[in-house]
Protein chains: 2
Amino acid sequence: MTAADILGYAAGALTAFTFLPQVLKTWKEKSAKDVALNMFIIAFINEIMWLVYGIMINNWIIIATNAVMLAMSGIMIFLKLKYK
Amino acid sequence: MTAADILGYAAGALTAFTFLPQVLKTWKEKSAKDVALNMFIIAFINEIMWLVYGIMINNWIIIATNAVMLAMSGIMIFLKLKYK
């Protein structure tokens, strides 16, 4: 495993949790007025694309990263619609 | 170019613009109370990692995607600190 591989895996692992602070903040404060719904709709569609791509090329890093992000985007869309 | 390649390029291109709706909304409404600062700090650090990874493996799709996202995360951090 090269240094580039390790950096790639670390970057992918961190990417999976990008949306977590937003999910936790919105969950706790029950307010999402300033959050852009379209950001999470784009992300949701995009992660389905990445997921299918990951399955097609059989890359488990891409599959796992985007499965986590898909779940978090779905939760954020639900929270945004619930708390406006 | 395979179907998987095309899907990967399309997914990468869409990823680059995930944060754009949030940048535009915050810019227009001058309010970012409900936006999680940590989301964009994680994204900012993460995109530097992806950028270095892209340079190391000489992959221009990764470089270009993450250069756009790095700029947008930077703008969002600035807007969040400005508008709270």
Side-chain angles (χ1 to χ4, degrees), chain A residues 2-59 61-62 65-66 69 72-73 76 79-80 83-84, chain B residues 2-59 61-62 65-66 69 72-73 76 79-80 83-84:
Chain A
T2 66
D5 288 338
I6 294 166
L7 182 60
Y9 284 124
L14 188 58
T15 297
F17 296 98
T18 307
F19 291 159
L20 186 61
Q22 186 65 60
V23 168
L24 295 177
K25 182 179 169 72
T26 307
W27 183 273
K28 208 174 65 181
E29 298 180 1
K30 304 196 187 322
S31 172
K33 183 180 65 67
D34 298 331
V35 175
L37 177 61
N38 283 344
M39 172 166 61
F40 292 100
I41 290 175
I42 290 175
F44 192 85
I45 294 166
N46 196 209
E47 282 134 22
I48 292 172
M49 292 168 75
W50 278 118
L51 212 52
V52 173
Y53 175 70
I55 292 165
M56 284 171 91
I57 67 165
N58 201 26
N59 181 317
I61 301 284
I62 294 176
T65 299
N66 288 283
M69 295 197 80
M72 293 208 191
S73 303
M76 270 312 299
L79 291 175
K80 170 68 183 177
Y83 297 127
K84 289 292 192 300
Chain B
T2 66
D5 288 339
I6 294 167
L7 183 60
Y9 285 124
L14 188 57
T15 297
F17 295 99
T18 306
F19 290 158
L20 186 60
Q22 186 65 61
V23 169
L24 294 178
K25 181 179 169 72
T26 306
W27 183 273
K28 208 173 66 182
E29 297 179 3
K30 304 195 187 323
S31 172
K33 182 179 66 66
D34 300 329
V35 176
L37 178 61
N38 284 344
M39 172 166 64
F40 292 101
I41 290 175
I42 290 175
F44 192 84
I45 294 166
N46 196 209
E47 282 136 23
I48 292 173
M49 292 168 74
W50 278 118
L51 212 53
V52 173
Y53 176 69
I55 292 165
M56 284 170 91
I57 68 164
N58 202 25
N59 181 317
I61 300 285
I62 293 176
T65 298
N66 288 283
M69 296 197 80
M72 292 205 191
S73 302
M76 269 312 298
L79 291 175
K80 170 68 183 176
Y83 297 127
K84 290 289 191 301

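Lettering follows sequence order; numbering is per chain, from 1.
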(message) Can a donor-acceptor pair be found, under 3.5 Å and without considering hydrogens, that links the side chain of B:Asp34 to the backbone of A:Val35?
(response)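 No, the answer is negative, given that no donor and acceptor are paired below the 3.5 Å cut-off.
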Interatomic spacing from [atom1] in [X] to [atom2] in [Y] - rounded to 0.5 Å:
X	Y	atom1	atom2	answer
B:Met49	A:Thr15	CE	OG1	8.0 Å
A:Trp50	B:Leu14	CH2	CG	10.0 Å
B:Phe19	A:Asn38	CZ	CG	14.5 Å
A:Thr18	B:Met69	OG1	CE	7.5 Å

(message) With chain B as the partner, which of A:Glu47, A:Lys33, A:Met39 has the greatest number of non-hydrogen pairs under 4.5 Å?
(response)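 Most pairs with chain B among the choices: A:Met39.
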(request) Give the member of A:Ile45, A:Ile57, A:Ile42 that has the highest number of heavy-atom pairs under 4.5 Å with chain B. (result)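 The residue among A:Ile45, A:Ile57, A:Ile42 with the greatest pair count is A:Ile42.
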(request) Heavy atoms only, distances under 4.5 angstrom: which of B:Ala3, B:Ala11, B:Gly8, B:Ala10 has the most pairs with chain A? Name it, please. (result)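 Top count of heavy-atom pairs under 4.5 Å with chain A: B:Ala11.
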(request) Go through the atoms of A:Ala32 and report whether side chain, backbone, both or neither lie under 4.5 Å from a heavy atom of chain B. (result)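 Contact with chain B: backbone only.
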(message) Quick check on B:Val23 against chain A: is it the side chain, the backbone, both or neither that has a heavy atom closer than 4.5 Å?
(response)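 Contact with chain A is absent: no heavy atom of B:Val23 under 4.5 Å.
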(request) Check whether B:Tyr83 gets within reach of chain A through its side chain, its backbone, both or neither, counting any heavy atom under 4.5 Å. (result)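 Contact with chain A involves no heavy atom of B:Tyr83 at all.
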(message) How about NZ on B:Lys30, more than 12 heavy atoms from neighbouring residues, nucleotides or ligands closer than 6.0 Å, or not?
(response)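 Yes, NZ of B:Lys30 has more than 12 neighbouring heavy atoms, counting only those of other groups under 6.0 Å.
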